[in-house]
Amino acid sequence: GLAAAYWIGQRAASQQIARVTQQLQESEARIRAIQVGIPGDTALANELQRRMTSLRTRLGAASRDAERDRISAEIGVIQGELAALTRLDLGSINSRNAPAVAILVSMIGGTSFAGTAFAITRQGVLLTNRHNVRSTNGRDTTTKMVVKFRDSNKWLRARLVRISEDSDADLALIQMDDPGPYPTIAGFHAGYDDALDGASVALIGFPFGYETAQEGEGTDFIAKTTLNGGTVSKRTSSVLQIDSYAGHGSSGSPVLGAHGAVVGVVWG
């Protein structure tokens, strides 16, 4: 019985240490992000890093649950300071990326659907969702596609290049018929520090397609993207759950992190 009680206590302590260590790692990743380029007070970030280093040392020496709980609470305070310290410059992110975002209209099975796509090369390769170019049952693929970039009133022809067959990646590539050049998004950022739980993000796209307010009337309207701020509310190995606004037509919109680069694509 004593052996069992000891084993249970050791297991609980190990789980607590793992949880607090994860808190430390996530907080230090946010601090590094500020130090290497996210707008914020780098001097304060350096001070927070010194406090984190001290807490890591204390965690290594802590032998009681109560002490580890105090360390966890102190990390929580630092995380709150980091949230206030880091700001998302929505205006700058929008001006840098929105010109590369386009409304996409696809003809699938005799019905037209509106979504969003964004250019990733100057030669006119755009990224969008698989379900924007192929029916959900996989039987019907788009027979015609046109896109209209932000601040333009011209519909441009495009063709399907590739569809992802990965069930976790609702993505497709399309190619503009006209070689361009085209405006492109600022880039991609796959770093863990730009999409942690609680991180601020921006979405740029066409919720409800061209049914939302555009500039002008009829089919020759000037396309205007919609900008929405949001927060990463959950992260798994393949999905970022975003607390933000989206609607039919937002599918394919870029999700941008604090660096102003794409960290994900809206799909549902």
Side-chain angles (χ1 to χ4, degrees), residues 30 33-34 37-40 82-106 113-120 126-132 147-152 169-172 174 182-216 221-236 238-268:
R30 294 185 187 185
I34 296 172
I38 291 179
L82 281 168
L85 176 63
T86 305
R87 64 184 186 275
L88 196 67
D89 188 347
L90 289 174
S92 176
I93 290 173
N94 188 63
S95 63
R96 175 63 185 86
N97 290 279
V101 180
I103 185 170
L104 166 68
V105 177
S106 303
F113 298 89
T116 302
F118 57 96
I120 60 176
L126 278 67
L127 187 62
T128 189
N129 281 154
R130 174 176 54 215
H131 74 260
N132 282 341
V147 302
K148 183 182 288 193
F149 283 89
R150 171 196 157 109
D151 292 332
S152 172
D170 187 353
L171 298 172
I174 63 177
Y182 295 92
T184 65
I185 49 105
F188 291 89
H189 186 75
Y192 186 76
D193 57 358
D194 229 17
L196 295 168
D197 292 350
S200 296
V201 291
L203 283 64
I204 304 175
F206 291 89
F208 298 100
Y210 41 76
E211 294 180 19
T212 54
Q214 304 295 327
E215 187 68 41
F221 62 86
I222 298 174
K224 294 293 183 181
T225 52
T226 297
L227 170 69
N228 290 105
T231 305
V232 177
S233 55
K234 182 190 295 183
R235 179 190 176 110
T236 72
S238 60
V239 174
L240 296 179
Q241 180 175 300
I242 305 297
D243 181 11
S244 185
Y245 177 79
H248 295 293
S250 296
S251 295
S253 299
V255 180
L256 301 128
H259 285 94
V262 173
V263 297
V265 181
V266 175
W267 63 268

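In what follows, every heavy atom counts, from backbone to side chain, and hydrogens, waters and symmetry copies are set aside. Throughout, residue positions are numbered sequentially from 1 according to the sequence presented.
- Here CD1 of I185 is found 10.0 Å from CG of L126. Values are rounded to the nearest 0.5 Å.
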**Report entry** Derivation of the side-chain contact (heavy atoms from CB on, under 4.5 Å) call for L171 and R130
**Finding:** CA-CA 5 Å; L171 298 172; R130 174 176 54 215; 5.8 Å; no
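- D151 places a side-chain heavy atom less than 4.5 Å from the side chain of K224.
- Atom CD of Q241 has more than 12 heavy atoms from other residues, nucleotides or ligands within 6.0 Å.
- Annotation for L90 and G229: closest pair CD2-CA, 4.4 Å, computed over non-hydrogen atoms.
- Pairs of residues two or more places apart, or lying in two chains, never qualify as side-chain hydrogen bond (donor to acceptor under 3.5 Å, both in side chains) while including a residue from residues 92-101.
- Across V101 and G205, no two heavy atoms sit closer than the pair CG1-CA, 4.2 Å.
- Counting heavy atoms from C-beta outward, I120 and F188 have side chains that approach closer than 4.5 Å.
- The backbone N or O of V266 sits less than 3.5 Å from a side-chain atom of N129, completing a donor-acceptor pair.
- Taking every heavy atom of both residues into account, G260 and L256 meet most closely at O-CD2, 3.5 Å.
- Separating the CG atom in L203 from the OG1 atom in T116 is a distance of 9.5 Å, to the nearest 0.5 Å.
- Heavy-atom contacts from other residues, nucleotides or ligands closer than 6.0 Å to CZ of F221 number more than 12.
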Query raised in the report: Stepwise, does the side-chain contact (heavy atoms from CB on, under 4.5 Å) test hold for Y245 with T226?
Result: CA-CA 10 Å; Y245 177 79; T226 297; 5.8 Å; no
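- Here the closest non-hydrogen pair linking T212 and P207 is CG2-O, 2.9 Å.
- Atoms OG and CG, on S251 and D170 in that order, are 7.5 Å from each other to the nearest 0.5 Å.
- Using a 4.5 Å cut-off on side-chain heavy atoms (C-beta onward), I174 and N132 make no contact.
- Contact of the I103 side chain with the V147 side chain is not registered, since no non-hydrogen atoms from C-beta on lie closer than 4.5 Å.
- When all heavy atoms are compared, the tightest approach of P99 to P183 is O-CG, 3.2 Å.
- From S253, atom OG reaches atom CD1 of I242 across 12.0 Å, with rounding to the nearest 0.5 Å.
- F118 pairs with exactly one of V262, T128, T184, I204 by the side-chain contact (heavy atoms from CB on, under 4.5 Å) rule, that one being V262.
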